[in-house]
Amino acid sequence: MADGREHREYRMEELAEEAGITVRTLRFYRERGLIPPPRREGRIAWYDDHHLARLRTITGLLERGHTLNGIADLAATFESGRDVAEVLGLGEPTEETPVRLTPEQLADYFEGEVTPENLATALDLGYLATDGDEIVHISRRLLEVSAELVREGVPLSTVLSSGRRVREHADALAEIFVRVLHAHTKETEPAQLRPLARAVVDAELSMALDRRLRREDGTQPPKSG
DNA sequence: ATTCTTACA
DNA sequence: TGTAAGGA
């Protein structure tokens, strides 16, 4: 089986062989914080499938031209964002469907733009969370849209900072709807809340875009950014 | 003896 | 990144 991941543990030499690297390189990666510490049983270091997946990720990123230091920053970023998965992860009654990705797949979505800085921002925003060695994007729609924007030439850093601004306004809008409906109903979350709010915002945003485009149409040529 | 680390090349 | 030497 090509992708059958068995639940076993590896000694240093086994792991290195599976990952296609030398034991020395394995230790090197560990010294740089690129992989988590192994489970220690006396003097024996036991590695598991997570470590193996991580090593394959590192190899893949290196082949894509990433530097070891860059990968180290990336790894550190994800370690610190680990608990974000529980805070912002699932369990919330959202309509957004999360997407599980390997780091390689994420890199493919945002070709050449997956920098440690952007990752840190995405984690901070809660767009991304980590689950083991996989990445979870909280919203397939936001993932697709942001990837499309990047393909159109918008820097990912700009997409993310714009996302942060949109998030702030969206929070403000949500507060309005919750306040209004809560003041006139007993329920904590009436069934009409989401469709109502979405309809209003969709309509208002559509008209706001019309106004904005008309304004720019008269005096200035359309510009990107 | 085996497994891993330290230190040096 | 390889390897020799040494701790546990």
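In what follows, every chain begins at residue 1, and chains take the letters A, B, ... in the order their sequences are listed.
A sub-4.0 Å separation between OP1 or OP2 of B:dT5 and a side-chain N or O of A:Arg30 is present. OP1 or OP2 of B:dT5 lies within a sub-4.0 Å distance of a side-chain N or O belonging to A:Arg40.
Side-chain proximity of A:Arg24 to B:dT5, C:dT3, B:dC4: nearest is C:dT3. Here the nucleotide nearest the side chain of A:Arg11, chosen from B:dT3, B:dT5, B:dA7, is B:dT3. Residue A:Met12 has its side chain nearest to B:dT5 when only C:dG2, B:dT5, B:dT3 are considered.
The CZ-C1' distance, from A:Arg32 to C:dT1, rounds to 11 Å in whole Å. If you measure from atom OH of A:Tyr29 to atom C1' of C:dG2, you get 15 Å, rounded to the nearest angstrom. If you take OH of A:Tyr10 and P of B:dC4, they are 15 Å apart, rounded to a whole angstrom. The separation between A:Phe28 atom CZ and C:dT3 atom P is 16 Å, rounded to whole Å. At whole-Å resolution of the value, CZ in A:Arg27 and C1' in C:dG2 are 12 Å apart. Atom-to-atom, CD1 of A:Ile44 to P of B:dA1 comes out at 17 Å; the value is rounded to the nearest Å. If you take CG of A:Leu26 and P of C:dT3, they are 16 Å apart, rounded to a whole angstrom. Here the C1' atom of nucleotide B:dC4 and the CZ atom of A:Arg39 are 15 Å apart, to the nearest Å.
The existence of a salt bridge linking A:Glu168 and A:Arg165 is excluded, since no basic side-chain nitrogen approaches an acidic carboxylate oxygen closer than 4.0 Å.
Counting heavy atoms from C-beta on, the side chains of A:Pro36 and A:His51 come closer than 4.5 Å.
Listed for the A:Arg11 side chain is no donor-acceptor partner under 3.5 Å among the backbone atoms of A:Ile44.
Summarising the base pairing, B:dA1 is matched to no nucleotide, lacking a Watson-Crick or G-U wobble pair whose two defining distances lie under 3.5 Å.
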Item checked: Derivation of the salt bridge (charged side-chain N to carboxylate O under 4.0 Å, His left out) call for A:Arg39 and A:Asp48 -> CA-CA 9 Å; A:Arg39 182 175 71 84; A:Asp48 58 22; over 6 Å; no

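Comparing A:Arg43 and A:Thr25 against DNA chain C, the residue whose closest nucleotide sits nearer the 5' end is A:Thr25.
Atom CD of A:Gln105 has more than 12 neighbouring heavy atoms from other residues, nucleotides or ligands inside a 6.0 Å radius.
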